[in-house]
**Q** 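There's a structure below that I have some questions on.
Bear in mind that the values here come from a model prediction, so they are computed numbers and not experimental data.
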Amino acid sequence: MEHFGEEAWLKLLAFSAMLTEQGETRGLIGPRELERLWDRHLLNSTVLEEFIPERASIADVGSGAGFPGTVLAILRPDSKVTLIDSMQRRTDWLTDVKDELDLDNVTVRHARAEDLIGEVSFDIVTARAVAALKKLVGWTLPLVKPGGSLLALKGARAEIEIDEAAGQLKKRGAEWADIYVRTPYASAESTRIVEVRKRK
């Protein structure tokens, strides 16, 4: 697909093939998710690309099967992407994907996000289906550099989650939080992105 560029498209296809072959047996995605793999997972992850500055350092918290972190690493070879997950079998999988797809801009960390606070910081932290924003902000915003952003893929409750997280947002140094609705390329389903900007 010309939209993503040939190299990125070939790597997305290869990632999709790995997920189709191994995703269910390795306990990464359920059988019903396989038929929605492109719409619900791969293409859904691509909407974050426009929010990422050039040569950004990115951390994907709770990376799981690799959404959105692996997809962003494929689309943005100029960025440095750290995939963080607390489950060994998931980090083993992410390491296999990194090696198989030759993603030299990826680092895999077997850790809980909150255990990395004070050790590392990033321009952008991403999260998808990890936790409600109220909890997520406490784990992720301390990993965001001043002036950087948390980008969370959310569903229909995005506005409610921002309201419920108001106290945490203030406590953790958020400057503002906003919601963007995007429809991924070649997909019928729109998605919501919550961006939380950290004060400089």
**Q** For G62 and D85, work out which heavy atoms get closest and say how close.
**A**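 Where G62 meets D85 most closely, the heavy atoms are C-OD2, 3.4 Å.
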
**Q** Please check if the side chain of R76 supplies one atom and the backbone of P53 the other of a donor-acceptor pair under 3.5 Å.
**A**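 Between the backbone of P53 and the side chain of R76 there is a qualifying donor-acceptor contact (under 3.5 Å).
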
**Q** May I ask you to test the L12-L75 pair for a side-chain heavy-atom distance under 4.5 Å?
**A**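 Sidechains of L75 and L12: in contact.
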
**Q** Salt bridge between E161 and K154, side-chain N to carboxylate O under 4.0 Å?
**A**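 Here E161 pairs with K154 in a salt bridge, since their nearest N and O are under 4.0 Å apart.
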
**Q** Does CD in E159 sit with more than 12 non-hydrogen atoms of other residues, nucleotides or ligands closer than 6.0 Å?
**A**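 No, not enclosed.
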
**Q** Linking I/L/V/M/F/W/Y whenever their side-chain heavy atoms sit closer than 4.5 Å, directly or via other members, would M87 and V130 fall into one cluster?
**A**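 No, M87 and V130 fall in different hydrophobic clusters.
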
**Q** Indicate if V61 and V196 have the same hydrophobic cluster label, given that clusters are the connected sets of ILVMFWY residues with side-chain heavy-atom separations under 4.5 angstrom.
**A**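 Yes, one cluster joins them.
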
**Q** Please step through side-chain contact (heavy atoms from CB on, under 4.5 Å) for the pair S57 and K145, ending with a clear verdict.
**A** CA-CA 10 Å; S57 58; K145 290 179 181 176; 4.0 Å; yes

**Q** So, K198 side chain and P146 main chain: donor-acceptor pair closer than 3.5 Å or not?
**A**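 A pair under 3.5 Å: no.
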
**Q** Hey, does E189 have a side-chain heavy atom less than 4.5 Å from the side chain of N44?
**A**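 No; the side chains remain at least 4.5 Å from each other.
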
**Q** Mark yes when over 12 heavy atoms from residues, nucleotides or ligands other than R36 sit less than 6.0 Å from its CZ; otherwise mark no.
**A**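 Yes, enclosed.
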
**Q** Near E114 CD, under 6.0 Å, is it more than 12 heavy atoms from other residues, nucleotides or ligands?
**A**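 Counting neighbours around CD of E114, more than 12 heavy atoms of other residues, nucleotides or ligands fall under 6.0 Å, so yes.
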
**Q** Step by step, would you call R192 with L153 a side-chain contact (heavy atoms from CB on, under 4.5 Å)?
**A** CA-CA 6 Å; R192 285 172 177 78; L153 283 162; over 6 Å; no

**Q** Let me confirm one number: the OG1-CE distance from T70 to M18, rounded to the nearest 0.5 Å.
**A**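 T70 OG1 to M18 CE: 9.5 Å, rounded to 0.5 Å.
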
**Q** For a quick check under 3.5 Å, do S149 and R197 share a side-chain donor-acceptor pair by atom type?
**A**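 Indeed, the side chains of S149 and R197 share at least one donor-acceptor pair under 3.5 Å.
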
**Q** Return yes if some donor-acceptor pair links the side-chain N/O of H110 with the main-chain N/O of T91 below 3.5 Å, else return no.
**A**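 Not at all, since once roles are kept as given, no pair shorter than 3.5 Å links the two residues.
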
**Q** Considering only heavy atoms from C-beta outward, does the side chain of V181 approach that of T191 to under 4.5 Å?
**A**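 They are not in side-chain contact.
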
**Q** Pair D123, I58 - check side-chain contact (heavy atoms from CB on, under 4.5 Å), show working.
**A** CA-CA 6 Å; D123 300 315; I58 304 166; over 6 Å; no

**Q** Would you call L136 and L133 a side-chain contact if the rule is heavy atoms closer than 4.5 Å?
**A**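 L136 vs L133: side chains touch.
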
**Q** Would you please name every residue forming a ring-ring contact (aromatic ring centres under 6.0 Å, His included) with F67, sequence neighbours left out?
**A**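 Residues passing ring-ring contact (aromatic ring centres under 6.0 Å, His included) with F67: F15, H41.
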
**Q** Is there a path from L43 to L19 through hydrophobic residues (I, L, V, M, F, W, Y) whose side chains come within less than 4.5 Å of each other?
**A**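 Yes, it is one cluster - the side chains of L43 and L19 are joined through contacts under 4.5 Å.
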
**Q** Checking W93 against K98 for the side-chain contact (heavy atoms from CB on, under 4.5 Å) test, could you report, in this order, the C-alpha distance in whole Å, the side-chain angles of both residues, the deciding distance, and whether it holds?
**A** CA-CA 9 Å; W93 156 259; K98 165 190 158 70; over 6 Å; no

**Q** Determine whether R182 and E50 make a side-chain contact, defined as any pair of heavy atoms from C-beta on separated by less than 4.5 Å.
**A**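 Yes - at least one pair of side-chain heavy atoms lies under 4.5 Å apart.
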
**Q** Looking at every heavy atom in both N105 and A73, which two are closest together, and how far apart are they?
**A**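 Where N105 meets A73 most closely, the heavy atoms are ND2-O, 3.2 Å.
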
**Q** Decide if atom CD of E119 counts as having more than 12 heavy atoms of other residues, nucleotides or ligands within a radius under 6.0 Å.
**A**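 Yes - once you tally the heavy atoms of other residues, nucleotides and ligands closer than 6.0 Å, there are more than 12.
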
**Q** Run the salt-bridge test on R89 and D92 with the 4.0 Å N-O cut-off and return the result as yes or no.
**A**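 A salt bridge is absent here (no side-chain N lies under 4.0 Å from a carboxylate O).
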
**Q** Can you name the nearest heavy-atom pair linking S45 to P68, along with the distance?
**A**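 The answer is OG-CA, 3.4 Å.
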
**Q** Kindly compute the distance separating CZ (R90) from OG1 (T95), expressed to the nearest 0.5 Å.
**A**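 Output value for this atom pair is 14.0 Å.
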
**Q** With a 4.5 Å limit on heavy-atom distance, are the side chains of L72 and D60 in contact?
**A**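 They are not in contact (no side-chain heavy atoms under 4.5 Å apart), so the answer is no.
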
**Q** Does any non-hydrogen side-chain atom of I84 lie less than 4.5 Å from one of L116?
**A**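 Yes - at least one pair of side-chain heavy atoms lies under 4.5 Å apart.
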
**Q** For P184 and S190, which heavy atoms make the closest approach, and how far apart are they?
**A**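 Answer, listing the atom of P184 first, then S190: CD-CA, 4.4 Å.
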
**Q** For a 4.5 angstrom cut-off between non-hydrogen side-chain atoms, does I193 reach V47?
**A**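 Contact flag for I193/V47 side chains = yes.
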
**Q** Just how far is it from atom OG1 of T140 to atom CD1 of I117, taken to the nearest 0.5 Å?
**A**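 Between T140 OG1 and I117 CD1, I get 8.5 Å after rounding to 0.5 Å.
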
**Q** A8 and I74: which non-hydrogen atoms are nearest, and at how many Å?
**A**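 For A8 versus I74, the nearest heavy atoms are O-CG2, 3.4 Å.
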
**Q** Closest heavy-atom contact between G69 and V81?
**A**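 Looking at all heavy atoms of both residues, the closest pair is O-CG1, 3.7 Å.
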
**Q** Just verifying a value: how many Å separate F4 CZ and L42 CG, rounded to the nearest 0.5 Å?
**A**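 If we round to the nearest 0.5 Å, F4:CZ and L42:CG are 9.0 Å apart.
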
**Q** Between E164 and R157 (salt bridge meaning N to carboxylate O under 4.0 Å), is one present in this structure?
**A**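 Here E164 pairs with R157 in a salt bridge, since their nearest N and O are under 4.0 Å apart.
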
**Q** Would you compute the distance between atom CG of L94 and atom CG of L28 and round it to the nearest 0.5 angstrom?
**A**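 Separation between the atoms: 8.0 Å.
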
**Q** Is W176 linked to I124 within one hydrophobic cluster, defined over Ile, Leu, Val, Met, Phe, Trp and Tyr using a side-chain heavy-atom separation of less than 4.5 Å?
**A**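 They do share one cluster, since a chain of ILVMFWY contacts under 4.5 Å joins W176 to I124.
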
**Q** Going by atom types alone, do S187 and D39 pair a side-chain donor with an acceptor below 3.5 Å?
**A**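 There is such a pair (donor and acceptor under 3.5 Å, judged by atom type) between the side chains of S187 and D39.
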
**Q** When clusters are formed by joining ILVMFWY residues with side-chain heavy atoms under 4.5 Å apart, either directly or through shared neighbours, do I52 and I179 land in the same one?
**A**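 I52 does not cluster with I179.
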
**Q** Hey, what do you get for CD (Q168) to CD1 (I162), rounding to the nearest 0.5 Å?
**A**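 It comes to 14.5 Å.
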
